[in-house]
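Note that ligands are numbered from 1 as they come in the structure, with each ligand's atoms numbered from 1 the same way. Note that the structure is predicted; figures quoted are calculated from it, not measured.
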Amino acid sequence: MSESATPYPYSPGLEGVPAGVSQISEIDSDRSSLQYRGYDVHDLAEHGSFEETAFLLLHGHLPNQHELTDFNNRLGTEREVPDAVYTALQALPPTTHPMDSIRTAFSVLAAFDPDYTEPATNHEANLRKAERIVAKAGTMVANGHRIRQGLNPIKPNPEHTTSENFLHLMTGTAPDPKTAHLLDASLTLYAEHGFNASTFANRVTVSTLSDLYSGIVTGIGTLRGPLHGGANEEAMRMLLEIGEPSNAQAWIDDALETKKKIMGFGHREYKKGDSRAMYLTKIAKALGIEKGNTKFGEIADILEDTMRERKNIFPNVDFPASYAYYLLDIPIDLYTPIFVVARVSGYCAHAIEQLSNNRLIRPKAIFDGPANLTYVPLADRA
Ligand SMILES: CC(C)(COP(=O)(O)OP(=O)(O)OC[C@H]1O[C@@H](n2cnc3c(N)ncnc32)[C@H](O)[C@@H]1OP(=O)(O)O)[C@@H](O)C(=O)NCCC(=O)NCCS
């Protein structure tokens with residue numbers, strides 16, 4: 001059936017289709033801007049902390065000092081996870097991608113939440129669950145990384161911020177303040193982004209009155225793909241394949257000629273550039289200069305110029321995040337899980353918003369298959 005022949009307005013990939021009302025974040029495609037609950041994401045990344053952003057997303061306003069201190073204390077006391085989570089991760093094959101590990105970890109964790117039996121519509125219980133989810137995500141990703149290397153999990157330090165906790169557990173050493181600060185800014189940029197595929201999938205799940213954890217598991221499974229969160233890992237692999245700035249022009253010419261998708265470029269919502277990428281590019285390039293490794297920034301310039309001139313396509317947040325994380329010595333297969341550590345705050349905010357005014361999300365399929373066939377008994381079929 002051709003699109004024009006359908007009896008309903010239809011937009012492939014639901015492009016441009018409003019799928020609900022939300023007060024959590026606003027993407028302005030024309031101005032290439034992103035606001036979380038009315039605050040520009042650049043201001044939040046520049047002047048605030050990931051914890052301030054997580055509080056803003058979950059509780060609806062920026063915390064005052066007292067509220068932030070209390071929030072940080074609650075996160076600090078909630079960072080540890082039950083041993084059963086680690087036992088489950090230890091049972092996975094060492095080849096398991098960390099995105100599958102973190103998805104599994106959240107499935108196990110769900111049953112240990114003290115509010116496990118509370119109904120999905122209990123707003124206060126949902127907020128408590130959300131804070132636990134935000135607190136524990138980094139612990140599970142970083143200790144999951146240790147387990148995959150045959151190391152034992154480390155106990156989180158309750159004084160640590162989300163990024164310090166992640167780095168401490170990942171490296172087994174005291175977190176470097178500068179690295180923690182840069183990671184923190186990237187977590188703020190990754191925290192929330194409207195009805196992207198994984199957040200929408202998370203809202204669909206909780207709209208059945210399923211629970212927050214099921215929404216998180218759905219979200220992580222959806223984020224994993226290279227057209228979504230998985231792009232930051234693919235972008236880094238692409239940069240490593242290119243290798244040197246002197247190879248970049250020939251590489252991108254060939255890629256465009258052969259109609260390859262360039263990972264870390266393009267966005268459904270931003271056609272004039274992704275403001276998060278603009279912010280993170282400055283950080284990533286400054287980091288390259290500081291570390292004496294400017295080659296990824298130079299390769300990036302060539303890819304960006306060529307994509308803009310030939311395709312009018314701009315980098316998205318995953319492109320600068322990829323080489324920023326590389327320069328921070330973070331293993332490539334943790335890039336998308338780091339996205340999870342940040343984005344669970346957005347998933348929870350959306351799940352709570354959905355559940356506070358819920359209607360089952362159930363769109364329509366345009367049927368385009370055979371109909372009214374005659375059933376032939378198995379014995380008579382050719
Ligand atoms: C993000 C993305 C899925 C958006 O997809 P979309 O809105 O459905 O847009 P489309 O994939 O239909 O792309 C529209 C056109 O731009 C081209 N395009 C979009 N992104 C491109 C990219 N990264 N590299 C090369 N061409 C790209 C498509 O080939 C298509 O061209 P065509 O009309 O000649 O066929 C897409 O840009 C993409 O695959 N990017 C790479 C993966 C990525 O970085 N994902 C992270 C997003 S935050």
Side-chain angles (χ1 to χ4, degrees), residues 3 10-19 25 27-30 32-34 36 41 45 99 186-202 219-242 248-281 284 296 299-326 332-333 335-340 342-343 346-347:
E3 280 169 39
Y10 171 53
S11 174
L14 301 185
E15 179 167 4
V17 175
S25 66
I27 299 169
D28 185 331
S29 309
D30 289 330
S32 292
S33 79
L34 171 63
Y36 297 162
V41 71
M99 281 298 277
S186 78
L187 294 182
T188 296
L189 297 174
Y190 265 141
E192 156 58 12
H193 211 214
F195 279 16
N196 59 82
S198 57
T199 302
F200 186 61
N202 152 67
I220 294 171
T222 310
L223 186 69
R224 187 191 197 294
L227 296 187
H228 194 3
N232 56 13
E233 297 181 14
E234 295 303 320
M236 192 62 228
R237 293 195 180 97
M238 172 185 77
L239 288 169
L240 290 172
E241 181 191 320
I242 296 170
Q249 193 61 58
W251 189 95
I252 185 77
D253 289 346
D254 178 67
L256 292 180
E257 181 71 29
T258 53
K259 302 215 172 302
K260 267 193 197 146
K261 273 268 170 101
I262 315 301
M263 289 297 146
F265 281 82
H267 201 279
R268 177 65 67 76
E269 290 285 317
Y270 298 114
K271 298 304 178 196
K272 298 177 181 170
D274 175 340
S275 75
R276 302 165 302 169
M278 297 170 196
Y279 185 90
L280 208 49
T281 297
F296 298 120
I299 296 172
D301 282 342
I302 295 166
L303 301 192
E304 286 176 27
D305 289 349
T306 308
M307 288 296 280
R308 190 180 57 248
E309 283 160 20
R310 297 216 206 134
K311 306 274 294 181
N312 197 29
I313 292 177
F314 298 83
N316 58 56
V317 65
D318 291 318
F319 189 54
S322 69
Y323 59 98
Y325 289 162
Y326 192 85
I332 296 174
D333 60 9
Y335 297 0
T336 318
I338 289 175
F339 194 155
V340 171
R343 187 54 65 86
Y347 292 157

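- Using the six-membered ring where Trp is involved, Y323 and F319 have ring planes that are perpendicular, over 60° apart on the 30 and 60° scheme.
- Looking at P226 against ligand 1, only its backbone comes within 4.0 Å, counting heavy atoms.
- Within the 3.5 Å criterion, the main-chain N or O of G194 finds a donor-acceptor partner in the side chain of S25.
- Counting protein heavy atoms under 4.0 angstrom from atom 41 (C) of ligand 1 gives one or more.
- In this structure, atom 32 (P) of ligand 1 has its sub-4.0 angstrom surroundings free of protein heavy atoms.
- Summarising the contacts of atom 36 (C) of ligand 1 with M263, K261, E269, the nearest heavy atom is found in K261.
- Using a non-hydrogen distance threshold of 4.0 Å, G264 registers as a contact of ligand 1.
- Among I262, L303, N316, D318, the residue whose heavy atom lies nearest to atom 22 (C) of ligand 1 is I262.
- If you check which protein heavy atom lies closest to atom 27 (C) of ligand 1, you get I313 CD1, 3.4 Å.
- Ring centroid separation for the pair F339 and H193 does not come in under the 6.0 Å cut-off.
- Atoms of ligand 1 found under 4.0 Å from any heavy atom of H267, numbered from 1 in the order shown, are 37 (O), 48 (S).
- Residue G266 holds the heavy atom nearest to atom 37 (O) of ligand 1 of all those in G229, G230, G266.
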Derivation and outcome, side chain to side chain contact (heavy atoms under 4.5 Å, CB included), residues F195 and L14: CA-CA 11 Å; F195 279 16; L14 301 185; over 6 Å; no

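- Heavy-atom distances between R310 and ligand 1 stay at or above 4.0 Å for every pair.
- Between the side chains of S322 and Y335, no donor N or O sits under 3.5 Å from an acceptor N or O.
- Heavy atoms of A255 stay at 4.0 angstrom or farther from ligand 1.
- Side-chain contact check for Y190 and D318: at least one donor-acceptor pair (N or O, by modelled atom type) lies under 3.5 Å.
- For atom 9 (O) of ligand 1, the nearest protein heavy atom lies 4.0 Å or farther away.
- The A231 neighbourhood of ligand 1 comprises atoms 43 (C), 44 (O), 45 (N), 46 (C), with distances under 4.0 Å to a heavy atom of that residue.
- A heavy-atom separation below 4.0 Å is found between K260 and ligand 1.
- The aromatic ring centres of F296 and Y326 sit less than 6.0 Å apart.
- Residue contacts with ligand 1 do not include E15, since none of its heavy atoms lies under 4.0 Å from the ligand.
- Close contacts of ligand 1 with M307, meaning ligand atoms under 4.0 Å from a residue heavy atom, involve 24 (N), 25 (C).
- Ligand-side atoms of ligand 1 in range of K271: 7 (O), range being under 4.0 angstrom from any heavy atom.
- There is no protein heavy atom closer than 4.0 angstrom to atom 2 (C) of ligand 1.
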